[in-house]
Number of protein chains: 2
Amino acid sequence: MASEGRLYRSVLNKMRELIDSGEYPPGGRLPPERELAERFGVSRPTIREAIIALEALDQVRVKTGSGVYVLETKPGLHDIDPTVSPFELTEARALIEGEAAAQAASMITDEQLERLETALNDMAEESVDGHLTSELADQQFHQIISEATQNKMLAAVIDNLWYVRDNSPKIRRAHQSICETDGRTRVKEHQEIYDALKRRDPSEARKAMHAHFARLLNKLIAANESEQIEEARRRAVESRQRFSLDHLVAQPQSTR
Amino acid sequence: MASEGRLYRSVLNKMRELIDSGEYPPGGRLPPERELAERFGVSRPTIREAIIALEALDQVRVKTGSGVYVLETKPGLHDIDPTVSPFELTEARALIEGEAAAQAASMITDEQLERLETALNDMAEESVDGHLTSELADQQFHQIISEATQNKMLAAVIDNLWYVRDNSPKIRRAHQSICETDGRTRVKEHQEIYDALKRRDPSEARKAMHAHFARLLNKLIAANESEQIEEARRRAVESRQRFSLDHLVAQPQSTR
DNA sequence: TGCGTAAATTGGTAAGACAGAATGTACAGC
DNA sequence: GCTGTACATTCTGTCTTACCAATTTACGCA
């Protein structure tokens, strides 16, 4: 299953999806705890945990005895430009993290290499079932590299890119639609980055990082295309239905 | 009491206090749920809720079967880190704006090239007397390039770098100490970037951008060195004066 | 219109079964 | 006697079921 160790996290993710997708719009009320518990097939305390996490993330406000209400997302607080597309973000990450990897290759310490290896193992171990640990290991991997550049400004910029990735609803959704099917490929790509860093080869490190993001970008593009095809098909069916309806009511004149 | 509607919040606050006060240092482990429940006089689910909120706030990491561990608090992602040095910033700008220039070289429009030329002229005209217009033209030049990448994320990152440059006191001071003496060199460097962009040559554009920042970095280093020498001299004078003062009061016994 | 009760909803607790991780212990082999 | 491995125990977080309390909201009735 989508089990990731702790149950409430899986519930949390599903709820965030529902909120992001507009199922529960800002200002609206979530279903009661008991109903959610039944719907997700978990107990009520677990739902409560997910709601509390949601509350801590400022996505929701709980009013005792009344219900839990969706807050409007305030992107202005951390100024994420909502018009930034997943493609732009990934391209920017490719360029910037590519340079970071090259920089890190000539600066990285043995201790940091060890931590990279740990993260790599975590990624490989959990790549089968749980996404959470795998995701976390992924993030740690990249963070260690940015730290290894010994440039706090560069590290801060990269942190910011991850923040945008995790907090822009549009981008979150795009990633969720592709992050299920990968697995060994991702581990292999990170392995190649690690190898280049271990050899202290800046050029190869940059190249491996670019390759990693290039694949990600291609997946995003493919997912977007199939989504658009799906959308087009849906519209086609819709208009066909409308046409047939028009035909039934038999209005020979008006095309509308 | 400290009750604020929901019990877990009061527990959460107490725990945060304990963590902040150093009672539970980063890397350390919190007491087990059952013990905390007894200590705070609440039930275990309530403790769990508080821990989950703590986890959502990135203050704590839960390891199943082992315990809950305190994370080191990261400085705010979006505040300017005051420990970032002018060198780090300039290095980061070199890498990132270098890639931006390469990207821009293959995407830039004729209209943007025109605006670059205008900025270049402004820079050249004013390079003799007024620094203000020249500074502004410089910033515009770089902004047009980041815009030409057609990547809003990359442009936002570069904007952020300029913001740090303009708003970190330490970095502002460092720049002011070197920005007076340049002149034709800077214009010439920007001219070379412009030429590469006009030829639509990514590699040369990157190279020219790197050269620009490399010179800036060297100047910063030189200024820093001379500043440190100055500082050392000042201290030498100071200690010499103190020595002579000690000598004047003529205390043969105590070394203080 | 105003008030009071009932329904709906979240808040909190208790007790226990379960699973993973750490720890201690005993036994086998050297 | 010493060491290392295998097993058992204990510790710890995970999740459930069941129950009652407190608060808000809705509705009916006067």
Side-chain angles (χ1 to χ4, degrees), chain A residues 1-15 18-19 24 27-71 118 121-122 125-126 128-134 136-137, chain B residues 1-15 18-19 24 27-71:
Chain A
M1 283 303 175
S3 161
E4 29 204 276
R6 284 158 0 282
L7 233 197
Y8 91 89
R9 301 216 61 130
S10 123
V11 174
L12 174 63
N13 283 333
K14 286 178 193 161
M15 284 184 163
L18 288 175
I19 291 174
Y24 300 114
R29 205 191 67 179
L30 257 46
E33 283 182 352
R34 280 143 177 108
E35 193 179 320
L36 287 171
E38 193 178 359
R39 163 132 41 129
F40 291 121
V42 301
S43 72
R44 207 166 65 84
T46 303
I47 294 291
R48 278 171 60 85
E49 290 173 351
I51 288 175
I52 282 166
L54 230 35
E55 194 180 17
L57 295 171
D58 271 332
Q59 292 216 351
V60 117
R61 172 81 189 281
V62 178
K63 297 187 74 168
T64 306
S66 170
V68 8
Y69 297 85
V70 180
L71 263 36
T118 306
N121 289 333
D122 285 354
E125 277 178 22
E126 308 291 336
V128 193
D129 39 22
H131 290 155
L132 185 127
T133 325
S134 176
L136 202 70
Chain B
M1 282 307 164
S3 162
E4 23 198 287
R6 284 165 341 292
L7 231 199
Y8 90 89
R9 298 211 69 111
S10 118
V11 175
L12 174 63
N13 285 332
K14 286 179 194 161
M15 283 183 166
L18 288 175
I19 290 174
Y24 301 115
R29 206 191 65 178
L30 257 46
E33 280 183 355
R34 291 157 172 94
E35 193 179 321
L36 287 171
E38 195 177 359
R39 165 134 41 129
F40 289 119
V42 300
S43 70
R44 277 182 61 208
T46 303
I47 294 291
R48 274 175 64 78
E49 289 173 350
I51 288 174
I52 281 166
L54 230 33
E55 194 181 18
L57 296 171
D58 271 332
Q59 293 215 352
V60 118
R61 171 88 191 282
V62 179
K63 296 187 74 170
T64 307
S66 171
V68 7
Y69 297 84
V70 180
L71 264 35

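So you know, we letter chains A, B, ... as the sequences are listed, proteins then strands, and number each from 1. What you are looking at is a predicted structure, and each value in this text was computed from that prediction instead of being measured. The figures here come from the full heavy-atom set of this structure, side chains too, leaving out hydrogens, waters and symmetry mates.
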Determine whether [X] and [Y] make a side-chain contact, defined as any pair of heavy atoms from C-beta on separated by less than 4.5 Å.
X       : Y       : answer
A/Tyr24 : A/Pro31 : yes
A/Leu36 : A/Met15 : yes
B/Tyr8  : A/Arg48 : no

Rounding to an integer number of Å, can you tell me how far [X] [atom1] sits from [N] [atom2]?
X       : N      : atom1 : atom2 : result
B/Leu7  : D/dA21 : CG    : P     : 16 Å
B/Leu54 : D/dG13 : CG    : P     : 13 Å
A/Leu36 : C/dG11 : CG    : P     : 13 Å
B/Arg61 : D/dT12 : CZ    : P     : 19 Å
A/Ile52 : D/dT14 : CD1   : C1'   : 15 Å
A/Arg9  : D/dT14 : CZ    : C1'   : 15 Å
B/Glu49 : C/dG11 : CD    : P     : 8 Å
A/Arg48 : D/dC15 : CZ    : C1'   : 14 Å

Minimum heavy-atom separation for A/Ala53 and B/Ala56, please, with both atom names. O-CB, 4.2 Å

Which heavy-atom pair separates A/Ser66 from A/Arg29 by the least distance, and what is that distance? O-NH1, 3.4 Å

Checking D/dT14, C/dG11, D/dC15 against the side chain of B/Arg44 (C-beta onward), the nearest is D/dT14

Of the listed nucleotides D/dT17, C/dG12, D/dT14, the one nearest the side chain of B/Arg6: C/dG12

Output one line per pair: protein atom, nucleotide atom from nucleotides 5-9 of chain C, and distance, for all N/O pairs under 3.5 Å.
unit_1: C/dT9; atom_1: OP1; unit_2: A/Arg29; atom_2: NH2; d: 3.3

Would you mind telling me which of B/Val60, B/Ile47, B/Leu54 makes a side-chain contact (heavy atoms from CB on, under 4.5 Å) with B/Val68? B/Val60

Would you say that more than 12 heavy atoms from the other residues, nucleotides or ligands in this model lie under 6.0 Å from the CZ of B/Arg39, or not? yes

On DNA chain D, nearest-nucleotide positions of A/Gly41 versus A/Tyr69: which is more 5'? A/Gly41

